[in-house]
Amino acid sequence: MTETRFQEIDIFEVECEYANEAAYAYLFNSLHEIEEMEELQSPIPQTDNSNIGTSSSKTGIAEQPSEDAHELVRRRMGDLACNKAGMQGLDTEKINRIIYEATKGTPFFENEARKDTAVSVRIEKLKERYETLKKRDIFTFAFTVDKIIQKYERERDLSRTIVHIDMDAFYASVEERDYPHLKNVPIAVGDNMMLSTSSYEARKYGVRSAMPGFIAMKLCPQLVIIPCHFDKYTAVSNKIREIFARYDPNFSPVSLDEAYLDITNYLQITNKSPEEISQQIRNEIFEETKLTASAGIGANMLLAKIGSNINKPNGQHFLQKNYECIMEFMRNLPIRKVPARLSAEKSNPASIGKVTERILGALDIKTCADIIDKRLYLYRLFSEHSFNFFMRAALGIGSSITPIEIERKSVGVSRTFSSPIRPKDRLSKLRQLCELLATELDKENVSGKTLSVVFKEVSFRTFTRARTINKYIHSADNLFHYSRQIVEAEMPTDLRLMGIRLTKLRPRDTEIKSGVKRYFPVIGSGSCKKICSGSSNGKKSVESVKTSKPTTSATNSRSKWHEVPAIAQFFKCPRCERQYINEKIAHINEHLDQCMINNAHPNDNSNELIMKTNSDPTIGGSGITLDTLENVACGRTNEVICHQDSRTLIEILDEKDQQQHDGETVELLSTNVALKNVKKTRSLENSSDTENILNVQQIITWECPKCQKNFNRPTLMRINTHLDVCLRKKVTLRSRR
DNA sequence: CGGATCGAC
DNA sequence: CTATGTCGATCCG
Ligand SMILES: Nc1ncnc2c1ncn2[C@H]1C[C@H](O)[C@@H](COP(=O)(O)OP(=O)(O)OP(=O)(O)O)O1
Ligand SMILES: [Mg+2]
Ligand SMILES: [Mg+2]
Ligand SMILES: [Mg+2]
């Protein structure tokens, strides 16, 4: 196999810094020859069906003869039963049969069946395109694809050590601890309608998260169901976070029961091995909470997260920071195990769940090695983003930068009613939801301008209706005023659930933070400010960590470039307050870039475009020097500064806006002023938008110089692909990095 | 922008 | 009898 390498592979090997023969033989062993680059324009199925989120026409599909409803249950309900930790060797046949018997014929089941056939249709279409592609010379794209892979490979960072820690059967373990007589009996937390989680004892029976209690009781009649005590879990969560902070003040919590820690720096001051540290953390957790946790250790978040599940419960897994080990580790990994959190800038990028597993399964992709093998097809069949995701996952490339503070982007509430509500009762329920949402918004001290209402009919059909309002709102009265218009426009059917959600959020107050005191170190306080999404059955769910955002004072637009020592003893990012102790300057700079880019280009994932269009060498690098460490040190680009300025202005304008809303008694005056402000806000927003567009200079249309074919909003990658085909020679638009 | 869908906890 | 609540992300028209 290593014989018939073609030209492109040689290039790859020459350029790649991680050159390693064995690993590459593995990586490329699926490629054979590539000969004629045929002109393949017309009949190529247009790429871009997506991995997720296709909302395509779901017309009344000529209902397939219900390809065996039992199968459906196995797919839709039973999937997690075998997947989740602590589920090996149980009688899945029996479990599926019981679930099926308890489920069939219910509206819930019918809805699941409907969704299932929608996915089936999607898969059929995909397979069609796949078959078409198979008849062609897919290796036409080998060069482009491997060029891209090469790019990912260059991003691989093996310098850090990340630990992912996740509590075992979290809610259930807390209850077991507090009610010792429940030890060794199967328990679950939740109620008859819905379970949040189950103990490992109960998992032996197939009882699991997101299963209704009454089904669980059929699976396991002895099951003890404990109601949710959310405040207890929050308290425990705070305790373990204290522990996390001892090892990484910037640890990144994912939920109440799990977090990522970057222990690279801690390792340097202890002489202990990563495994010992991980064990030590888990020991401390047990001593201080009497609960067990599992851990995964790896070079990045992806590997750590996968690892934490391997020896669950109460175990840990260590993966060496070594290319061969990583590839060997990923090779046989079922794709379903690929978790979220591959990238630092987005909190939860796509991951492989039930549907994506089925879709890839249709292409005979079951393991990560299969992803590599089929990469040329994946490239043609899926969106650029999905391809990117699949490849990086399969290569075991994830972010080794634990995410920075993530701003909450929406706040919402929803309720399933004890019995379906008639159309005439909608408004009173809506009113209650608005009150609830208003209190949540108060806790966060935000307002927002897009309001969505979600409806779930008794048939379980769910849909949403949204509207963007002229102004920012947050009061229950305003929420109700606008949401009722949405509700009243809908068909008067019976509903089993209603919900409302506010997006396009903005801080409500504009108090000017002095900006000075927050730059002083608060050693050991572990001021981790990420907002976590809590979840619960009970009503009093919402846990929220207040995010006091450093409203950026435009003080230090310029920072000097001095000679930079390799290590900073202490640094605190002026923007997100992340603390660094004994950290390499390079890493801090990387963070600063991330942090600023995030705020400047919230939608842009592609450095390539930024790099390409920004020829100014100062752009893309922010530097710090030691003498400015304790103060601010973000010499950042002009456009960011402008952006921040305009945001500040908007906030100030809106403060007036808010005052008007509170005095809603004077209707006329209020609307006048509101109108005025809206205009200003708009123009400001527009200007900041165009700014972003200018920075990125997104290519709207592109015409191939050779064949004159026009492309709509092409990415660099697509252009490359086309050029590969259109021109006989390979043309690659390189971006500098 | 609005709406559907996927995925996680 | 009876199938949660909350959030982020992507994609398409
Ligand atoms: N679908 C869900 N709905 C509501 N709450 C959930 C759901 N899934 C999980 N939770 C809550 C309860 C869990 O104890 C807690 C942590 O989730 P998670 O870590 O995935 O499972 P777990 O801690 O219960 O078991 P494991 O040992 O597999 O980690 O979040
Ligand atoms: Mg857990
Ligand atoms: Mg968890
Ligand atoms: Mg997964």
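Numbered from 1 within each chain, the chains take letters A, B, ... in sequence-line order.
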List the atom pairs, donor and acceptor, that lie under 3.5 Å between side-chain atoms in residues 216-230 of chain A and the rest of the protein, sequence neighbours left out.
from: A:Gln222; atom 1: NE2; to: A:Tyr205; atom 2: OH; distance (Å): 3.2
from: A:His229; atom 1: ND1; to: A:Glu175; atom 2: OE1; distance (Å): 3.3
from: A:His229; atom 1: ND1; to: A:Glu175; atom 2: OE2; distance (Å): 2.9

**Request:** Identify the residue among A:Asn470, A:Ile500, A:Val487, A:Ile469 that makes a side chain to side chain contact (heavy atoms under 4.5 Å, CB included) with A:Tyr482.
**Result:** A:Ile469
**Nearest-nucleotide pick for A:Ser414, side chain only, options being B:dC9, B:dG7, C:dT6** = C:dT6
**Request:** Ignoring the backbone of A:Val355, work out which of C:dC7, B:dC6, B:dA4 is nearest its side chain.
**Result:** B:dC6
**Asked** Heavy atoms under 4.0 Å, any strand shown: does A:Asn111 hit a base, just sugar-phosphate, or nothing?
**Response** nothing
**Item:** Atom-pair distance (CD1 on A:Ile500; P on C:dG5), nearest Å
**Value:** 14 Å
**Request:** Look at all strands and tell whether A:Ile215 reaches a base, only sugar-phosphate, or nothing, counting heavy atoms closer than 4.0 Å.
**Result:** base
**Prompt:** Rounded to whole angstroms, how far apart are CG on A:Leu223 and C1' on C:dT2?
**Reply:** 16 Å
**A:Tyr377 and A:Tyr130 aromatic centres sub-6.0 Å** = yes
**Asked** Under 4.0 Å between a side-chain N/O of A:Thr416 and OP1 or OP2 of C:dG5, yes or no?
**Response** yes
**Message:** Side chain of A:Met193 only, heavy atoms from C-beta on: which candidate in B:dG3, B:dC9, C:dT2 is closest?
**Reply:** C:dT2
**Message:** If you compare every side-chain N and O of A:Arg415 against the phosphate oxygens of C:dT4 (OP1, OP2), does one of them come in below 4.0 Å?
**Reply:** no
**Message:** Check this for me: does any side-chain nitrogen of one of A:Glu258 and A:Lys305 sit under 4.0 Å from a carboxylate oxygen of the other?
**Reply:** yes
**Complete:** From the candidates C:dG5, C:dC11, B:dC1, the one with an atom nearest any side-chain atom of A:His385 is C:dC11
**Message:** Using OP1 and OP2 only, check whether a side-chain N or O of A:Ser351 sits under 4.0 Å from B:dG7.
**Reply:** no
**Message:** From CD of A:Glu384 over to C1' of C:dA9, roughly how many Å is that when rounded to an integer?
**Reply:** 16 Å
**Item:** Phosphate OP1/OP2 of C:dT10 contacted by A:Ser386 side-chain N/O (<4.0 Å)
**Value:** no
**Message:** Heavy atoms only, 4.0 Å cut-off, all strands: where does A:Phe463 land among base, sugar-phosphate and nothing?
**Reply:** sugar-phosphate
**Message:** With side chain to side chain contact (heavy atoms under 4.5 Å, CB included) as the test, pick out the partner of A:Val119 among A:Ile123, A:Asp116, A:Val121, A:Thr117.
**Reply:** A:Ile123
**Request:** Report the distance from atom CD of A:Glu440 to atom C1' of C:dC7, rounded to the nearest whole Å.
**Result:** 13 Å
**Centroid separation A:Phe108 to A:Phe460 less than 6.0 Å** = yes
**Request:** State whether A:Arg122 places a side-chain N or O below 4.0 Å from either non-bridging phosphate oxygen (OP1 or OP2) of B:dA4.
**Result:** no
**Asked** For B:dA8, does OP1 or OP2 lie under 4.0 Å from any side-chain N or O of A:Ser255?
**Response** no
**Fill in**
Taking C:dT4, C:dT2, B:dG3 as options, the one with an atom nearest any side-chain atom of A:Ala210 is C:dT4
**Message:** Rounding to an integer number of Å, can you tell me how far A:Phe109 CZ sits from C:dC1 P?
**Reply:** 17 Å
**Asked** Which of parallel (below 30°), tilted (30 to 60°) and perpendicular (above 60°) describes A:Tyr152 and A:Phe387?
**Response** tilted
**Message:** Given C:dT2, B:dG2, C:dC7, identify the nucleotide with an atom nearest to the side chain of A:Thr450.
**Reply:** B:dG2
**Fill in**
Of the listed C:dT6, C:dT4, B:dA8, the closest approach to the A:Phe460 side chain comes from C:dT4
**Message:** Below the 4.0 Å mark, does B:dG7 have OP1 or OP2 next to a side-chain nitrogen or oxygen of A:Arg358?
**Reply:** no
**Request:** Would you mind reading off the distance between A:Phe389 atom CZ and B:dC6 atom C1', rounded to a whole angstrom?
**Result:** 11 Å
**Request:** Find the distance A:Tyr171:OH to C:dT4:P and express it as a whole number of Å.
**Result:** 16 Å
**Prompt:** Should A:Ser410 be listed as having a side-chain N or O under 4.0 Å from OP1 or OP2 of C:dG8?
**Reply:** yes
**Asked** Should A:Thr356 be listed as having a side-chain N or O under 4.0 Å from OP1 or OP2 of B:dG7?
**Response** yes
**Request:** For C:dC7, take OP1 and OP2 only and decide whether either is under 4.0 Å from a side-chain N or O of A:Arg501.
**Result:** yes
**Request:** Round to the nearest Å and state the distance from A:Lys218 atom NZ to C:dT2 atom C1'.
**Result:** 9 Å
**Request:** Verify the contact: side-chain N or O of A:Lys409 to OP1 or OP2 of C:dA9, cut-off strictly under 4.0 Å; return yes or no.
**Result:** yes
**Asked** For B:dC1, does OP1 or OP2 lie under 4.0 Å from any side-chain N or O of A:Lys449?
**Response** no
